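A short write-up of the structure that comes next.
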Amino acid sequence: MLGRRIRRIEVVHPDVLRESTRAFADRVRGREIRSVTRRGKNVVLHLTGEFALVVNLGMTGRLLAFPAAPERRVRPTHPAVRFRFADGGVLVFDDQRRFGAVECLDRRAWRKRSRALGPEPLARAFSARALHEATSRSRTAIRTWLLDQRRIAGVGNIYASEALHLAGIHPARPASSLTREEAGRLHRSLRSVLSAAIVLGGTTIRDYRNARGEQGNFSRRLRVYGRNGHRCPRCGATVERISLHNRAAFFCPVCQPAVAT
DNA sequence: AGTGTATCCTGCAGGC
DNA sequence: TGCCTGCAGGATACAC
């Protein structure tokens, strides 16, 4: 989609916007996509005029790109917003549940938003030591801690469970109870889980698709997420599911004991 | 400041 | 088959 100019915006479901359709469309129309980056779970399309089109997929959102010559591969099922390009192509934000969001922020607003997010776990600057210092200040369950985007950016429920399993840390452990060694293991696990998932194109449970409409292949590599009742790939014990702050957490009771190791 | 609860919305699986 | 309940990748507005 790089270099394309957005000629027309069609908003099917205004509830994925954070402002009026009119204000949104007026700000986006006529701009060109200069580059695409990511911050945490947000896809950022940098537009001419220093504007950032910020897309959060939520639970069921997807950004589907259709080039000018439609080779008809995937059809959007729940189009919420369509960006039509001057060259005939179209980018669709498709979202069954509409928990996702699409916003157009100016430079200043985007910087402010980005500053409110925690560090990128894959950035060089993100150290085990910094992670330990940060976790030591909170008594909330480590799984819940990992989901808080202000503390660390981009970790969702799937990767939180997977990283904790790899690190051998029980999801309900208070963040502040992690030893330096455990924080070190968690730091490594987060990085390896996230980078492996990126290489495999993400995790498709049901809805996730990349811009070409293809599923992510990390689903096959899940060790505990959604696998309660199955055997732990490391020790063979039965994976359990518990509810933590109203969200499921999956873990192996043997590999992830409730006390520090 | 930090934590727990409810809410937004659609669709699917499982029990009866 | 049909109805009901619970649950789902996320984030945020509240009350306390």
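Basis for what follows: all heavy atoms, side chains included, without hydrogens, waters or symmetry-related copies. This is a predicted model, so every value here is computed, not measured.
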Whole Å only: how far is the CG atom of Asp15(A) from the C1' atom of dT7(B)?
13 Å

Options dG9(C), dT10(B), dA11(C), nucleotide nearest the side-chain atoms of Gln149(A):
dA11(C)

Please confirm whether the ring centroid of His187(A) lies under 6.0 Å from the ring centroid of Phe126(A).
yes

So Arg241(A), base contact, sugar-phosphate only, or nothing? Heavy-atom distance under 4.0 Å.
sugar-phosphate

Rounded to whole angstroms, how far apart are CG on Asp207(A) and C1' on dC12(B)?
10 Å

Tell me which nucleotide among dA11(C), dG11(B), dC9(B) gets nearest to the side chain of Arg98(A).
dC9(B)

Please give me the minimum heavy-atom distance between Ala175(A) and Trp145(A), naming the atom from each residue.
CB-CD1, 3.8 Å

Mind checking the CZ-CG spacing from Phe51(A) to Leu45(A)? Nearest 0.5 Å is all I need.
14.5 Å

Sugar-phosphate only, base, or nothing, as touched by Ala248(A) at under 4.0 Å among non-hydrogen atoms
sugar-phosphate

Once you round it to whole Å, what is the distance between P of dC8(B) and NE2 of His13(A)?
17 Å

Report which part of the nucleic acid Arg18(A) touches: base, sugar-phosphate, or nothing (heavy-atom distance under 4.0 Å, all strands).
nothing

Proximity to the side chain of Arg151(A) - top-ranked nucleotide from dA8(C), dT3(B), dG10(C):
dT3(B)

How do Ser138(A) and Arg206(A) order along DNA chain B: which one's closest nucleotide is nearer the 5' end?
Ser138(A)

Below the 4.0 Å mark, does dC9(B) have OP1 or OP2 next to a side-chain nitrogen or oxygen of His78(A)?
no

Tell me the interatomic distance from Asn228(A), atom CG, to dC7(C), atom C1', rounded to whole angstroms.
12 Å

For the pair made of CZ in Arg150(A) and P in dG2(B), what is the distance, rounded to whole Å?
8 Å

When all nucleic acid strands are considered with a 4.0 Å heavy-atom cut-off, which category describes Asn56(A): base, sugar-phosphate, or nothing?
sugar-phosphate

I want to confirm an ordering. Mapping Asn246(A) and Leu147(A) to their closest nucleotides on DNA chain C, which one lands closer to the 5' end?
Asn246(A)

Are Glu133(A) and Arg129(A) ion-paired here, with the side-chain N under 4.0 Å from a carboxylate O?
yes

With a 4.0 Å limit, can you tell me whether Lys41(A) has a side-chain N or O closer than that to the phosphate oxygens OP1/OP2 of dG9(C)?
no

Indicate, with a heavy-atom threshold strictly under 4.0 Å, whether Arg139(A) touches base, sugar-phosphate, or nothing.
sugar-phosphate

For a quick check under 3.5 Å, do Arg39(A) and Ser114(A) share a side-chain donor-acceptor pair by atom type?
yes

Could you tell me whether Ile205(A) contacts a base, only the sugar-phosphate backbone, or nothing, with contacts defined as non-hydrogen atoms closer than 4.0 Å?
base

Give a yes or no on whether Phe251(A) and Val239(A) share a hydrophobic cluster (residues Ile, Leu, Val, Met, Phe, Trp, Tyr; joining criterion: side-chain heavy atoms under 4.5 Å apart).
no

Using a cut-off of 4.0 Å on non-hydrogen atoms, how would the nucleic acid contact of Thr204(A) be classed: base, sugar-phosphate, or nothing?
base

dC9(B), dG9(C), dG11(B): which one has an atom nearest the side-chain heavy atoms of Phe99(A)?
dC9(B)

Separation of the P atoms in dC9(B) and dC3(C), to the nearest angstrom:
23 Å

On a whole-Å scale, what distance lies between the C1' atoms belonging to dT3(B) and dG9(C)?
23 Å

Please give the nucleotide sitting opposite dA6(B) as a Watson-Crick or G-U wobble pair, both distances under 3.5 Å, or none.
dT12(C)

Heavy atoms from C-beta onward define the side chain here; which of dG9(C), dG2(B), dT10(B) lies closest to that of Arg97(A)?
dT10(B)

Under 4.0 Å: is that the gap between some side-chain N or O of Arg247(A) and OP1 or OP2 of dG10(C)?
yes

Looking at every strand, decide which applies to Thr203(A) at a 4.0 Å heavy-atom threshold: base, sugar-phosphate, or nothing.
base

